2 protein chains.
Amino acid sequence: MEAWNYNLSIQLNNEPRFHRCEPGWQWSPPPLPDYDLWWVLEGRGQITLDGQRIEIKPGRCFILRPGTEIRATQDLAYRLLVFAVHFEPQDPANLASFPFEGQFVQDREFLEIMARHCENFFQRGDTAARMQSAALVQQILLKLWDELQHPQLSAADRSIGQLMQTIRLEPGQPWKVAEMARQAGLSRSQFTRRFQRVAGMPPNAFVIQARLDRSKQLLLETDMSLANIAEALGYQDIFFFSRQFKALTGFPPSHLRNSARPNLTNLS
Amino acid sequence: MEAWNYNLSIQLNNEPRFHRCEPGWQWSPPPLPDYDLWWVLEGRGQITLDGQRIEIKPGRCFILRPGTEIRATQDLAYRLLVFAVHFEPQDPANLASFPFEGQFVQDREFLEIMARHCENFFQRGDTAARMQSAALVQQILLKLWDELQHPQLSAADRSIGQLMQTIRLEPGQPWKVAEMARQAGLSRSQFTRRFQRVAGMPPNAFVIQARLDRSKQLLLETDMSLANIAEALGYQDIFFFSRQFKALTGFPPSHLRNSARPNLTNLS
């Protein structure tokens with residue numbers, strides 16, 4: 001699958017909405033005239049797509065294609081809660097990679113808040129709100145596509161992801177591998193292996209990289225002295241900071257301070 | 001302010017990130033080479049933009065323009081938590097309407113989850129993720145722009161908004177104005193006035209509209225009988241359902257059922 005054009009334009013063909021399927025509900029539309037994003041948040045049932053029978057389970061999201069013959073029923077004891085919207089993509093080829101049989105949504109929180117805003121914007125009715133509603137459906141499709149490319153992280157891996165965020169938020173804290181491992185309930189070597197797998201580098205290197213990134217920003221955007229920056233980023237010693245900075249970037253921190261107005265792009 | 005092109009393209013010039021400003025932090029960059037989205041989630045301080053002094057308060061979000069002279073400090077007792085990203089818009093004219101002195105973010109939950117995903121996607125580093133990160137910054141700008149156009153709802157008005165969502169989710173429930181007013185802690189006439197102001201129509205009309213919208217979908221997409229649909233949508237009586245449907249649309253429900261494959265767009 002090739003990378004997706006993030007400017008993929010779509011047009012909404014009806015109002016995006018959540019609905020709780022009524023008792024007595026069954027779905028048997030004429031062959032679809034357009035695309036239908038059909039995301040099951042809750043409930044159980046069965047759906048048949050062009051004769052292929054698939055279990056409806058919570059979290060399953062379908063990108064139904066034009067012409068598909070659909071039959072669906074719900075389990076009355078577990079009625080369906082669905083978010084659905086009909087749409088038309090500018091370039092249908094971009095949708096070919098979505099699996100016919102639906103995929104399981106990984107990040108429900110993110111998708112649900114986008115879907116809620118999508119519904120609300122559309123309801124407001126003015127042109128700007130309708131356009132934002134469509135832009136949000138595009139984001140949902142992009143996110144689904146991205147989840148297809150990147151298999152689900154385990155809960156343990158997700159907690160490493162959160163730790164990475166926290167380190168980047170405050171890189172100057174005294175991050176110690178032993179302490180981080182203890183908090184994760186892992187041995188030091190287990191923790192380091194897992195961190196390496198998720199982050200692509202060991203925890204110590206990640207902390208150093210986060211400090212380096214932030215130090216560049218402070219060098220460029222503030223008048224803080226090198227000593228202050230080193231201290232703010234948890235270095236005991238300005239010389240050690242300078243040495244580490246130079247080892248990783250090839251130039252001393254003062255170089256960045258003195259350069260008149262560097263292009264930020266080239267520094268990341 | 002004219003409506004914004006929702007396809008507004010931007011290019012990110014550095015990594016989007018949250019940071020907790022370090023003790024000793026002060027901000028005094030050279031005049032900005034590009035745009036900077038600078039959103040204060042927590043903390044207090046002062047910022048001076050081209051000589052104009054503004055209080056930094058939680059929730060304030062700045063779209064800083066190229067060339068701006070910036071000086072900022074934080075209150076050490078309330079250190080800043082900031083989300084920031086430098087970017088370049090394809091068409092700077094679209095950013096002219098953002099207030100120089102910052103605006104207060106209304107929907108922190110939505111923006112924060114978008115900002116977090118923005119940071120995470122960028123960190124992943126591959127092209128698709130970088131593009132999605134940029135698309136999320138666009139969404140954030142759109143949402144900020146939208147909040148500027150639509151003044152903040154009071155907590156009471158927001159609870160009406162939630163009620164509207166719930167009615168649309170299950171329009172077949174027996175929605176009674178007296179009961180909804182009681183739940184909102186308002187008199188019937190207070191509740192009706194407030195609902196009318198937020199929804200643009202009185203509660204009874206809103207319930208009928210929600211039932212009508214859903215009935216169209218059920219007529220088009222299912223084989224449920226008219227009697228089943230009427231019952232699922234809370235009508236005691238198929239004749240009353242048909243009469244109401246015809247009064248609002250100009251044609252009887254059976255008309256929609258019989259039309260071969262209507263264009264959904266024209267029905268909303």
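Note that this is a predicted model, so its numbers are computed, not measured. Chain letters run A, B, ... following the sequence lines, proteins first, then strands; residues in each count from 1.
Closest non-hydrogen pair, A:I47 versus A:A72, comes out as CG1-CB, 3.8 Å.
Within residues 35-43 of chain A, no residue approaches chain B closer than 4.5 Å by heavy atoms.
Comparing B:F121, B:F18, B:F110 by heavy-atom pairs within less than 4.5 Å of chain A, the highest count is held by B:F110. Each of A:G200, A:S225, A:G24 has some count of heavy-atom pairs under 4.5 Å with chain B, and the biggest count is that of A:G24. Of all the listed residues (B:Q123, B:E109, B:M224, B:H117), the one sharing the greatest number of non-hydrogen pairs under 4.5 Å with chain A is B:H117. Per-residue heavy-atom pair counts under 4.5 Å with chain A were compared for B:L233, B:D146, B:N228, and the maximum is reached by B:D146. Comparing B:E231, B:M114, B:M164, B:Q165 by how many heavy-atom pairs each has under 4.5 Å with chain A, the most go to B:Q165. If you tally non-hydrogen atom pairs under 4.5 Å between each of B:P29, B:S28, B:P23 and chain A, the highest count goes to B:S28.
With sequence neighbours excluded, the residues that form a salt bridge (charged side-chain N to carboxylate O under 4.0 Å, His left out) with A:E69 are A:R71. By the salt bridge (charged side-chain N to carboxylate O under 4.0 Å, His left out) test, A:D223 is found to be paired with no residue, residues two or more places apart in sequence or in another chain being considered. Scored by the ring-ring contact (aromatic ring centres under 6.0 Å, His included) test, B:F195 finds B:F191, B:F206 as partners (sequence neighbours excluded).
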Hey, mind stepping through A:N94 and A:W145 against side-chain contact (heavy atoms from CB on, under 4.5 Å) and telling me if it holds? CA-CA 10 Å; A:N94 285 326; A:W145 179 79; over 6 Å; no
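A:S133 places no side-chain N or O within 3.5 Å of a backbone atom of A:R130 that could act as its donor or acceptor partner. Here the side chain of A:E88 pairs no donor or acceptor atom with the backbone of A:N13 at under 3.5 angstrom.
Neither the backbone nor the side chain of B:I229 comes within less than 4.5 Å of any heavy atom in chain A. For a residue to count as touching a neighbouring chain, one of its non-hydrogen atoms must lie under 4.5 Å from one of that chain's; by this rule B:L218 touches chain A with the side chain only. Residue contact with chain A, scored on non-hydrogen atoms closer than 4.5 Å, involves the side chain of B:L81 exclusively. Residue contact with chain B, scored on non-hydrogen atoms closer than 4.5 Å, involves the backbone and the side chain of A:R20 alike. Residue contact with chain A, scored on non-hydrogen atoms closer than 4.5 Å, involves the backbone and the side chain of B:R168 alike.
Contact annotation: the side chain of A:L12 never approaches that of A:M131 to less than 4.5 Å [non-hydrogen atoms, C-beta and beyond]. Here the side chains of B:W175 and B:T166 are in contact, with some heavy-atom distance below 4.5 Å. Using a 4.5 Å cut-off on side-chain heavy atoms (C-beta onward), B:F62 and B:T68 make no contact.
Residues A:R79 and B:E170 are paired through a salt bridge, judged by an N-O separation under 4.0 Å between the basic side chain and the carboxylate.
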